[in-house]
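Structure first, commentary second.
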Amino acid sequence: MKHFLLFYEAGPDYLARRPAYRDAHLEKAWAASERGELVLGGALADPVDGAVLLFRAPSREVVEAFARADPYVVEGLVTGWRVREWTTVAGEAAATPVHPASR
């Protein structure tokens, strides 16, 4: 399994329109979490101009499929998104742990 970051860019009316789609978005997010795909997700703060979601999945296609079907994307609240593979090397959940030579 690999780690992927999904970056969302919020549209100018994101906060005003979010309440209408929030439950549907959260249902999708929690379902992905229950499947073990979504590790963490949430909006950026000060300013609320985007969001970052951390996935653990076998391929970027899992993350791309999530984004394409997310109500925030479908309804235009999110005006842009991108997926980046993240090589995690430190911490208990690192996908590819690398320890110092002294360890």
Side-chain angles (χ1 to χ4, degrees):
M1 293 290 207
K2 301 175 182 180
H3 285 122
F4 297 91
L5 293 171
L6 173 58
F7 295 95
Y8 278 174
E9 296 172 27
D13 57 355
Y14 173 79
L15 285 177
R17 296 183 59 210
R18 182 172 66 174
Y21 303 100
R22 194 163 197 197
D23 279 347
H25 165 77
L26 290 172
E27 283 181 24
K28 182 164 187 53
W30 279 105
S33 176
E34 290 165 5
R35 289 191 304 274
E37 298 165 355
L38 179 61
V39 178
L40 289 171
L44 297 171
D46 298 320
V48 180
D49 60 356
V52 180
L53 295 89
L54 168 60
F55 285 81
R56 186 170 186 266
S59 69
R60 72 185 305 114
E61 287 77 21
V62 171
V63 184
E64 290 171 350
F66 176 92
R68 282 190 198 99
D70 186 346
Y72 286 178
V73 172
V74 172
E75 298 299 332
L77 282 72
V78 169
T79 56
W81 58 270
R82 64 188 170 104
V83 177
R84 294 285 310 268
E85 186 173 341
W86 186 23
T87 305
T88 53
V89 298
E92 278 189 42
T96 52
V98 177
H99 296 279
S102 62
R103 190 166 186 210

| task | Report yes if the side chains of Trp86 and Leu54 come closer than 4.5 Å at any heavy-atom pair, otherwise no. | result | yes

| message | When you group the ILVMFWY residues by side-chain heavy-atom contacts below 4.5 Å and let the links chain together, are Val73 and Tyr21 in the same group? | response | yes

| said: In the structure I gave you, are the side-chain heavy atoms of Val62 and Ser59 within less than 4.5 Å of one another anywhere? | reply: yes

| field | Cluster companions of Val98 among Ile, Leu, Val, Met, Phe, Trp, Tyr (side-chain spacing under 4.5 Å) | value | Val89

| query | In terms of hydrophobic clusters joined by side-chain contacts under 4.5 Å, are Val52 and Val39 together? | reply | yes

| remark: Output for pair (Asp13 CG, Leu77 CG), nearest 0.5 Å, gives 6.5 Å

| query | How about Glu9 and Asp49: do any of their side-chain heavy atoms sit closer than 4.5 Å? | reply | no

| Leu5 and Leu40: same hydrophobic cluster, using ILVMFWY side-chain contacts below 4.5 Å? | yes

| remark: So CH2 of Trp81 and CG of Asp70: to nearest 0.5 Å the spacing works out to 10.5 Å

| note | Sequence neighbours excluded, the answer for ring pair (Phe, Tyr, Trp, His ring centres under 6.0 Å) partners of Tyr14 is Tyr72

| note | In terms of heavy-atom contacts, Arg18 and Ala43 come closest through NH1-CB, 4.3 Å

| remark: Residues pairing under salt bridge (Lys or Arg N to Asp or Glu O under 4.0 Å) where one sits in residues 50-63, two or more places apart or in two chains, turn out to be Arg60-Glu64

| said: For residues Val48 and Leu44: do they belong to one hydrophobic cluster (side chain heavy atoms under 4.5 Å, members Ile, Leu, Val, Met, Phe, Trp, Tyr)? | reply: no

| Checking Arg17 side chain against Glu75 main chain: does a donor-acceptor pair fall under 3.5 Å? | yes

| remark: Looking only at heavy atoms, the pair that brings Thr88 and Ala93 closest together is OG1-O, 4.5 Å

| query | What class does the angle between the rings of Tyr8 and His25 fall in, given that below 30° is parallel, 30 to 60° is tilted and above 60° is perpendicular? | reply | tilted

| said: Just verifying a value: how many Å separate Arg84 CZ and Phe4 CZ, rounded to the nearest 0.5 Å? | reply: 11.5 Å

| task | Test Val83 against Phe55 for side chain to side chain contact (heavy atoms under 4.5 Å, CB included), laying out the working first. | result | CA-CA 10 Å; Val83 177; Phe55 285 81; over 6 Å; no

| task | Count the heavy atoms belonging to other residues, nucleotides or ligands that lie under 6.0 Å from NZ of Lys28, then report whether that count exceeds 12. | result | yes

